[in-house]
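Comments concern the structure below.
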Amino acid sequence: MSPADAGGRDADVVIIGGGIVGLSAGLELQSRGRSVAIVDPGDPLRRASYGNAGVLSRGSILPIAGPGLWMNLVRYARGADPGVRLRHASIPTLIGWYRRFLGRANEAGVRNAAAALNPLVAASIDRHLALGAIAGTLPLIRRDGWFRLYRSDASLAGAALERALLAEHGVKADLLSGEAVYDLEPSLSRMFPHGLMFPQTGSVITPGEVVNRFEAAFRARGGVAIVGTAQGLRQEEGGVALQVGGRTVRAGHAVLSAGAWSGKLARALGYAIPLASERGHHAHFRLRDGAVLGRAVNDTGAGVVVAPMGDTVRVLTGVELCDPDDAPDFRQLALAVENARRMLPLGEQVGENWFGNRPSTPDSLPVIGVAPRHDRVVFAFGHGHIGLSTGPVTGEIVARLICNEPQTLPIAPFDARRFL
């Protein structure tokens, strides 16, 4: 009988959410001798980490909100941009989020976010490699870089602040122009005079498989998977309790890593943390005419990403800001596919359209840390579009918090108190 069983608990730690963040925390806690249960609805296709571009991006240190947002706000509101779209029906319920979001749309907000995110993002590949040795995902990790494309001299000039901040924080970005763009990716349409290549960036083959292997490793090491929806999280004397269906689950600590639904669970504890869904969409296509794609590419003029996924490519939208329970709307994906066809010779679609909800804070910084008024609850959510990259880093931070170990990275900017 484990110590958790002996104390009348289901585990030392219960983790709410079985995505990349929750599973990473589970593996790290197991490595420290803790018994762990994960509560998750059990639909892997709905996890945000299942459906992204698979990029472990060294350069993803900039927030969504920036000075350039204002000139495009009407376009976003009209749903005319595949990069950012506003779900009108959700605006009343997200009005507080939008106020804070627009308040960060300035250079100071961008600089503050970049400084906070850089250490987290810089550690991402190393932590993926560390957990990959446990979960068997090392063969899925590639060091192939990430390519950001610009349609004109003006669009490259418009990225001056971004390039300056990347250089300031040690992110290598090689400018390629003219034929050098097509030497790297010969199948691209000749519509991009410039590109930025990020050689420090890696990727994973099929992100969903990475999550599956993390979950298999968690179970193989004695982890308990509880299928269901968590409700009524509360702190009790010496531990926590929550309801899953008709069952009460008890543990010494809880980790709240339920993605875009974390805000609703945090409210049950009395925390009004602004959280929206950065909904993303994708579809898979075969390439025709012998075309190939060596790495994920981002058409910055259209906000579209195309990433190689086995024998297909995945066409991905930017973000649709909405409530995670909103019904699917694939008009943004249709715009993305239209733009992707201009980039590459797409053939027939393979499989169905997909959508998933990424948890987004107004400042694009995750919420990581011990809950301000509940010392047995650790928050670990709000990673937006960098959850796959930084999930293993967050998992180590969570384990260090619960096990009272010193942190190796600065986490003060991620404290929930900034919203309270």
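All of these numbers come straight from a predicted model, not from anything done at the bench. Numbers here simply count residues along the sequence, with the first being 1.
Between the CZ atom in R87 and the SG atom in C322 there is a gap of 5.5 Å [rounded to 0.5 Å]. Rounded to the nearest 0.5 angstrom, D10 CG and I226 CD1 are separated by 5.5 Å. For the atom pair CD1 of I38 and CZ of R219, the computed distance is 9.0 Å after rounding to the nearest 0.5 Å. Going from atom OG1 of T317 over to atom CG of L335 covers 10.0 Å, rounded to the nearest 0.5 Å. To the nearest 0.5 Å, atom CG of residue D40 and atom CG of residue L23 are 8.0 Å apart. Atom CZ of F214 is separated from atom CD of E209 by 11.5 Å, given to the nearest 0.5 angstrom.
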Take L196 and D174 through the test side chain to side chain contact (heavy atoms under 4.5 Å, CB included) and record every step on the way to the result.
CA-CA 5 Å; L196 282 180; D174 298 329; over 6 Å; no
Start with the C-alpha distance between K264 and D325, add both sets of side-chain angles, then the distance that settles salt bridge (charged side-chain N to carboxylate O under 4.0 Å, His left out), and finish with yes or no.
CA-CA 11 Å; K264 297 179 180 182; D325 294 317; 2.6 Å; yes
Given side chain to side chain contact (heavy atoms under 4.5 Å, CB included), test D363 with R100 step by step and report yes or no.
CA-CA 8 Å; D363 56 9; R100 291 175 181 266; over 6 Å; no
How far apart are the C-alpha atoms of R400 and T408, what are their side-chain angles, what is the distance that settles it, and do they pass the side chain to side chain contact (heavy atoms under 4.5 Å, CB included) test?
CA-CA 9 Å; R400 287 179 176 274; T408 59; 3.8 Å; yes
Worked check of side chain to side chain contact (heavy atoms under 4.5 Å, CB included) between L293 and L344:
CA-CA 9 Å; L293 186 65; L344 288 158; 4.2 Å; yes
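With sequence neighbours excluded, no residue forms a ring pair (Phe, Tyr, Trp, His ring centres under 6.0 Å) with Y98. H385 is linked by a ring pair (Phe, Tyr, Trp, His ring centres under 6.0 Å) to nothing, counting only residues two or more places apart in sequence or in another chain. Remark: S57 pairs with V55, S60, W146, T201 by the side-chain contact (heavy atoms from CB on, under 4.5 Å) rule, at least two apart or across chains. With sequence neighbours excluded, the residues forming a side-chain contact (heavy atoms from CB on, under 4.5 Å) with E236 are R234, A241, R250, listed by chain and number.
Put simply, the side chain of R75 never gets that close to the backbone of V84: no donor and acceptor are under 3.5 Å apart. In this structure a side-chain-to-backbone donor-acceptor pair under 3.5 Å is missing from R85 to L321. Judged by distance alone, with hydrogens and angles left aside, the side-chain atoms of S262 form a donor-acceptor pair with the main-chain N or O of G259 at under 3.5 Å. Under a 3.5 Å cut-off, the side chain of T137 and the backbone N or O of V210 do not form any donor-acceptor pair. Between the R418 side chain and the F414 main chain, a donor and an acceptor come within less than 3.5 Å of each other. Counting only distance, with no hydrogens or angles, the side chain of Q407 and the backbone of I397 share a donor-acceptor pair below 3.5 Å. No side-chain donor-acceptor contact under 3.5 Å links N106 to the backbone of P67. In this structure, the side chain of H253 does not engage the main chain of V13 through any donor-acceptor pair within 3.5 Å. In this structure, Q235 contributes its side chain and R376 its backbone to a donor-acceptor pair below 3.5 Å. Between the side chain of R314 and the backbone N or O of H284, no donor-acceptor pair lies under 3.5 Å.
Taking all atoms of both residues into account, the shortest heavy-atom contact from S257 to V21 is CB-CG1, 3.9 Å. Considering all non-hydrogen atoms of both residues, P372 and R417 come closest at CA-NH2, 3.6 Å. A pairwise comparison of heavy atoms in S389 and S124 identifies O-CB, 3.1 Å as the closest pair. The two residues V304 and A340 make their nearest non-hydrogen contact at CG1-CB, 4.4 Å. Taking both residues in full, the closest heavy atoms of L316 and A336 are given as O-CB, 4.3 Å, listed atom of the first, atom of the second, then distance. Between A37 and A11 the shortest heavy-atom distance is N-CB, 3.6 Å.
With a 4.5 Å cut-off on side-chain heavy atoms, E215 and P44 do not count as touching. Proximity of L156 to R163: side-chain heavy atoms (C-beta onward) are separated by under 4.5 Å at one or more points. Residues P366 and L117 are in side-chain contact: their nearest non-hydrogen atoms beyond the backbone lie under 4.5 Å apart. Counting heavy atoms from C-beta on, the side chains of I402 and V255 come closer than 4.5 Å. You'll find the side chain of N118 reaches within 4.5 Å of the side chain of V171, heavy atoms only. Between F198 and K172, the closest side-chain pair of non-hydrogen atoms is not below 4.5 Å. Taking 4.5 Å as the limit, some side-chain heavy atom of V337 sits within range of a side-chain heavy atom of F285. Under the 4.5 Å side-chain criterion, counting only non-hydrogen atoms from C-beta, V315 is not in contact with V305.
Side chains of N339 and R342: a donor-acceptor N/O pair is present below 3.5 angstrom, by distance only. A donor-acceptor pair shorter than 3.5 Å cannot be found between the side chains of R47 and N52. Side chains of S90 and D326: a donor-acceptor N/O pair is present below 3.5 angstrom, by distance only. Defined by atom type and a distance below 3.5 Å, a donor-acceptor pair is missing between the side-chain atoms of N298 and T300. No hydrogens or angles considered: nothing links the side chains of R143 and S203 as a donor-acceptor pair under 3.5 Å.
Sorted by first and then second residue, the pairs that involve residues 107-124 and meet salt bridge (charged side-chain N to carboxylate O under 4.0 Å, His left out), not counting sequence neighbours, are E107-R111, R111-E168.
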Got a list of side-chain donor-acceptor pairs under 3.5 Å for residues 125-134, not counting sequence neighbours?
{"residue": "R127", "atom": "NH2", "partner": "E28", "partner atom": "OE2", "Å": "2.5"}
{"residue": "H128", "atom": "NE2", "partner": "L388", "partner atom": "O", "Å": "2.7"}

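The existence of a salt bridge linking R279 and D323 is excluded, since no basic side-chain nitrogen approaches an acidic carboxylate oxygen closer than 4.0 Å.
For the pair R213 and F218, the cation does not sit on the ring face, since its NZ or CZ is not both under 6.0 Å from the ring centre and inside 45° of the axis.
Between Y271 and F379, the gap from one ring centroid to the other is short of 6.0 Å.
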